[in-house]
Amino acid sequence: MAKSDPQARILAAVRAIPRGEVAGYGEIARRAGLPGRARWVARLLAISEDPALPWHRVLRSDGRIAFPPGSASREEQARRLRAEGVALVDGRVQAARAARTLDAEVWGPR
DNA sequence: GCCATGACTCCGC
DNA sequence: CGCGGAGCCATGG
């Protein structure tokens, strides 16, 4: 039997993001033991139909929402994040002190 | 098997 | 800080 499908690990990593916090696609991939699969994470979220999946907590490495401005998805993601207390400015998370990537610590206490 | 596509990332300018 | 180019990886025609 397969030892945890990579897909299951990715979804688990996404579900593990605490409410009010965020993580990057690449970060999730790494947490799932799949470095370099950021695009796969994105595709997985796109095809996933689990309404309980906190996909809105996943952002790009620069702390911005991946969806293009004006898109309904982008608006919904921004809305959900704000509902959790995440400060956003022009689609970008302010709390993410990781200027380059949302590397680690995003989940830890500051 | 090659080519195109994408909720990505890194790097140089 | 914005842009363009290259690298990357899985999927589908």
Side-chain angles (χ1 to χ4, degrees):
Chain A
M1 329 182 323
K3 299 175 180 175
S4 301
D5 303 284
Q7 176 174 312
R9 288 203 302 267
I10 291 176
L11 295 177
V14 174
R15 295 193 184 97
I17 306 173
R19 188 174 178 290
E21 294 288 340
V22 295
Y25 292 93
E27 164 90 12
I28 293 297
R30 249 174 309 186
R31 292 253 176 185
L34 301 166
R37 274 65 170 181
R39 294 189 105 137
W40 198 20
V41 173
R43 193 179 68 79
L44 200 51
L45 294 184
I47 64 178
S48 175
E49 292 178 26
D50 181 355
L53 192 69
W55 56 269
H56 56 282
R57 296 177 189 150
V58 186
L59 307 172
R60 295 197 314 213
S61 61
D62 60 358
R64 282 182 177 280
I65 290 177
F67 295 107
S71 64
S73 297
R74 180 198 161 302
E75 292 306 313
E76 187 184 336
Q77 183 165 17
R79 188 163 50 80
R80 290 198 185 196
L81 287 173
R82 283 186 177 136
E84 295 187 351
V86 178
L88 293 174
V89 175
D90 192 35
R92 185 174 65 186
V93 168
Q94 297 301 286
R97 67 224 213 85
R100 290 181 61 259
T101 65
L102 301 186
D103 271 331
E105 304 219 51
V106 181
W107 293 342
R110 347 183 188 215

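Each chain gets a letter, A, B and so on, in the order its sequence line appears, and its residues count up from 1.
Rounded to whole Å, atom C1' of C:dT11 lies 13 Å from atom CD of A:Gln7. One atom, CZ of A:Arg64, and another, C1' of C:dG2, lie 10 Å apart when rounded to the nearest Å. Here the P atom of nucleotide B:dA7 and the CD1 atom of A:Ile10 are 16 Å apart, to the nearest Å. Rounded to an integer number of Å, the gap from CD1 of A:Ile28 to P of B:dT9 is 11 Å. A:Asp62 has its CG atom 10 Å from the C1' atom of B:dT9, to the nearest Å. One can place CG of A:Leu59 at 14 Å from C1' of B:dT9, the figure rounded to the nearest angstrom. If you take CD of A:Glu75 and C1' of B:dA7, they are 15 Å apart, rounded to a whole angstrom.
Using a 4.0 Å cut-off between a side-chain N of Lys or Arg and a carboxylate O of Asp or Glu, A:Arg80 and A:Glu84 do not qualify as a salt bridge. Salt-bridge check for A:Asp62 with A:Arg60: passed, with a basic side-chain N closer than 4.0 Å to an acidic carboxylate O.
Taking every side-chain heavy atom of A:Arg92 into account, C:dC1 is the closest of C:dC1, B:dA7, B:dT9.
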Before giving the answer on side chain to side chain contact (heavy atoms under 4.5 Å, CB included), spell out for A:Arg30 and A:Arg37 the whole-Å C-alpha distance, their side-chain angles and the decisive distance to 0.1 Å.
CA-CA 8 Å; A:Arg30 249 174 309 186; A:Arg37 274 65 170 181; over 6 Å; no
Please assess A:Leu59 against A:Arg64 for the test side chain to side chain contact (heavy atoms under 4.5 Å, CB included), listing each intermediate value before the final yes or no.
CA-CA 6 Å; A:Leu59 307 172; A:Arg64 282 182 177 280; over 6 Å; no
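Nucleotides B:dA7 and C:dG13 are separated by 22 Å at their C1' atoms, to the nearest Å.
Neither A:Val89 nor A:Leu81 shares a network with the other; the hydrophobic side chains, linked directly or stepwise wherever heavy atoms of I, L, V, M, F, W or Y lie under 4.5 Å apart, form separate groups for each.
We find the CD1-NE2 distance between A:Ile17 and A:His56 to be 8.5 Å, quoted to the nearest 0.5 Å.
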Just the table, please: protein N/O against nucleotides 6-10 of chain C N/O, every pair under 3.5 Å.
residue	atom	partner	partner atom	Å
C:dC8	O2	A:Arg39	NH1	3.4
C:dC8	N3	A:Arg39	NH1	3.4

